[in-house]
Amino acid sequence: MDYSRPLCALFALLVFYLTHLAQCTNAKINFREKEKQILDQILGPGRYDARIRPSGINGTGDPPTFVHVNMFLRSISKIDDYKMEYSVQLTFREQWLDERLKFNNLGGRLKYLTLTEANRVWMPDLFFSNEKEGHFHNIIMPNVYIRIFPNGNVLYSIRISLTLSCPMNLKLYPLDKQTCSLRMASYGWTTDDLVFLWKEGDPVQVVKNLHLPRFTLEKFLTDYCNSKTNTGEYSCLKVDLLFKREFSYYLIQIYIPCCMLVIVSWVSFWLDQGAVPARVSLGVTTLLTMATQSSGINASLPPVSYTKAIDVWTGVCLTFVFGALLEFALVNYASRSDMHRENMKKTRREMEAAASMDAASDLLDTDSNTTFAMKPLMRGANDKMRQCEIHMSPPKKNCCRIWMSKFPTRSKRIDVISRITFPLVFALFNLAYWSTYLFRDEEEQK
């Protein structure tokens with residue numbers, strides 16, 4: 001008799017019964033109640049002391065507690081050049097092992113437990129050493145959570161906004177790059193008890209399409225910055241954010257307007273030297289506008305003891321505008337000197353004409369025989385002078401003298417020379433300025 005078929009049917013029925021029984025058992029389990037029981041078990045009174053730091057790895061000996069840190073940069077709202085600070089909003093995470101918090105995961109059904117009260121478990125005493133201001137986010141609920149995993153791992157995550165100090169070197173402003181740091185350190189636990197480590201892989205994440213008004217985040221670097229004091233050595237982490245200043249804003253707002261003011265001041269070189277009101281008003285207006293522009297630029301920057309790149313630019317532009325005003329003063333003085341010289345020549349010619357007329361009348365009064373006797377002698381002397389003039393070569397003149405001879409007065413010559421000299425010198429200054437500050441080595445940007 002074949003018993004295989006009844007046995008197979010019986011085995012299949014048994015498997016179906018056990019599966020159905022397990023499903024019914026799962027349906028009856030209240031996992032929320034189990035979470036409460038586990039939390040009461042591991043965090044109940046007399047069972048867990050949040051004042052005691054966790055033991056080291058596997059509880060062997062007394063090694064320090066290792067805390068792995070990572071963060072997510074959500075936004076960077078501002079970078080203030082005057083106060084030398086920047087504001088950032090980030091999600092900050094810490095992860096460490098606390099074997100006192102191990103629990104039964106009910107066969108993999110409980111992945112982790114979630115807490116919203118940070119004071120229920122031990123927390124690292126981390127602080128931001130270069131922080132000026134900071135606050136948590138509590139809308140709608142506090143943006144913080146703690147996850148406890150079955151193996152005792154603890155994950156702490158919180159969203160915070162910080163205003164951090166950022167010492168800047170503005171020698172190359174506005175063609176500069178700035179490095180702003182975010183430093184985190186232990187306040188009371190030394191490296192014998194607590195060590196901060198960057199999480200392996202990608203410890204710092206940045207939101208996509210991070211937008212900054214006048215800067216671009218080029219890159220960021222993670223590093224360690226342990227500090228030693230007379231109370232011990234403390235663990236420290238830091239993130240260096242390298243910002244590059246956007247030059248297009250300053251090109252439109254500062255450099256192009258300054259160039260235009262300098263060029264407008266050169267218009268006075270083409271005005272008539274007698275147009276005193278027009279040339280004076282043009283020079284004074286451009287000078288005052290340039291001074292106002294320079295003051296507005298410096299008002300948005302801190303007073304520093306060194307010369308910035310923008311100071312060189314505005315200083316030279318102000319010098320060119322002031323030079324154009326002084327050039328008109330020189331032209332005005334030369335014009336009055338030319339007029340005085342012309343008056344003196346005119347007076348001299350009148351006096352010479354009067355003297356020649358007196359001499360001619362005296363000659364008419366003298367003896368006619370003597371006069372006729374002198375005429376041959378005078379005629380011979382004049383012939384010799386003409387022969388000497390024929391043999392003498394005319395003086396050589398170069399191109400500059402020929403061109404300058406077209407402008408008989410000194411005042412006109414000064415205007416003509418200024419029309420060429422001022423633009424040429426300004427072009428040479430631009431060449432030297434941009435080659436010095438724009439095409440610089442990376443070492444100069446530190």
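What you see is a predicted model, and the numbers here were worked out from it, not measured in a lab.
- For the pairing with Phe92, the ring-ring contact (aromatic ring centres under 6.0 Å, His included) check across Phe136, Phe72, Phe128, Phe127 returns one residue only, Phe128.
- Looking at residues two or more places apart in sequence or on another chain, you find a side chain to side chain donor-acceptor pair (under 3.5 Å) between Asn70 and Arg93.
- Remark: the Thr229 side chain and the Thr231 side chain contain an N/O donor-acceptor pair separated by less than 3.5 Å.
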* disulfide bond (SG atoms under 2.5 Å apart) assessment of Cys317 paired with Cys259 -> CA-CA 7 Å; Cys317 290; Cys259 283; 5.8 Å; no
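- Counting non-hydrogen atoms of neighbouring residues, nucleotides and ligands closer than 6.0 angstrom, the NZ atom of Lys83 reaches no more than 12 such neighbours.
- No side-chain donor-acceptor contact under 3.5 Å links Tyr437 and Tyr173.
- Counted by atom type alone, Arg47 and Gln41 present zero donor-acceptor pairs between their side chains at under 3.5 Å.
- Taking the centre and axis of the six-membered ring of Trp270, the NZ or CZ atom of Arg419 falls inside the cone set by 45° and 6.0 Å.
- Around OH of Tyr250, the count of heavy atoms belonging to other residues, nucleotides or ligands within 6.0 Å exceeds 12.
- Around the OH atom of Tyr82, the shell of radius 6.0 Å holds no more than 12 heavy atoms that belong to other residues, nucleotides or ligands.
- Partner of Ser87 under the side-chain contact (heavy atoms from CB on, under 4.5 Å) criterion, chosen from Thr163, Leu164, Leu162: Thr163.
- Taking the ring centroids of Phe429 and Trp434, they lie at or beyond the 6.0 Å cut-off.
- In this structure, Arg279 forms no cation-pi arrangement with Phe328, as its terminal cationic atom is not both closer than 6.0 Å to the ring centre and no more than 45° off the ring axis.
- Salt bridge annotation for Asp415-Lys412: absent, with no cationic side-chain nitrogen under 4.0 angstrom from a carboxylate oxygen.
- In summary, Arg53 and Asp193 engage in a salt bridge, as defined by a charged side-chain N under 4.0 Å from a carboxylate O.
- Considering only residues two or more places apart in sequence or on other chains, Lys78 meets the salt bridge (Lys or Arg N to Asp or Glu O under 4.0 Å) condition with Glu85.
- Looking at Glu94 and Lys199, no side-chain N of the basic residue comes within less than 4.0 Å of a carboxylate O on the acidic one, giving no salt bridge.
- Closest non-hydrogen pair, Tyr86 versus Ser181, comes out as OH-O, 2.9 Å.
- The pair Asp81-Arg245 meets the salt-bridge criterion, since a charged nitrogen lies less than 4.0 angstrom from a carboxylate oxygen.
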* To do: Apply the test side chain to side chain contact (heavy atoms under 4.5 Å, CB included) to residues Met184 and Cys236: give CA-CA distance (whole Å), side-chain angles for both, the deciding distance (0.1 Å), then the verdict.
  => CA-CA 6 Å; Met184 301 153 285; Cys236 176; over 6 Å; no
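- Within a 6.0 Å sphere centred on CZ of Phe247, other residues, nucleotides and ligands contribute more than 12 heavy atoms.
- Within a 6.0 Å radius of OH in Tyr48, other residues, nucleotides and ligands contribute more than 12 heavy atoms.
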* With side chain to side chain contact (heavy atoms under 4.5 Å, CB included) as the test, would you mind laying out the steps for Lys171 and Val304 before giving the verdict? => CA-CA 9 Å; Lys171 288 184 177 180; Val304 293; over 6 Å; no
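- When each of Thr179, Leu73, Leu182 is checked for a side-chain contact (heavy atoms from CB on, under 4.5 Å) with Leu241, only Leu73 meets the rule.
- Contact of the Pro54 side chain with the Arg100 side chain is registered, since non-hydrogen atoms from C-beta on lie closer than 4.5 Å.
- Ser227 and Glu233 share no side-chain donor-acceptor pair at under 3.5 Å.
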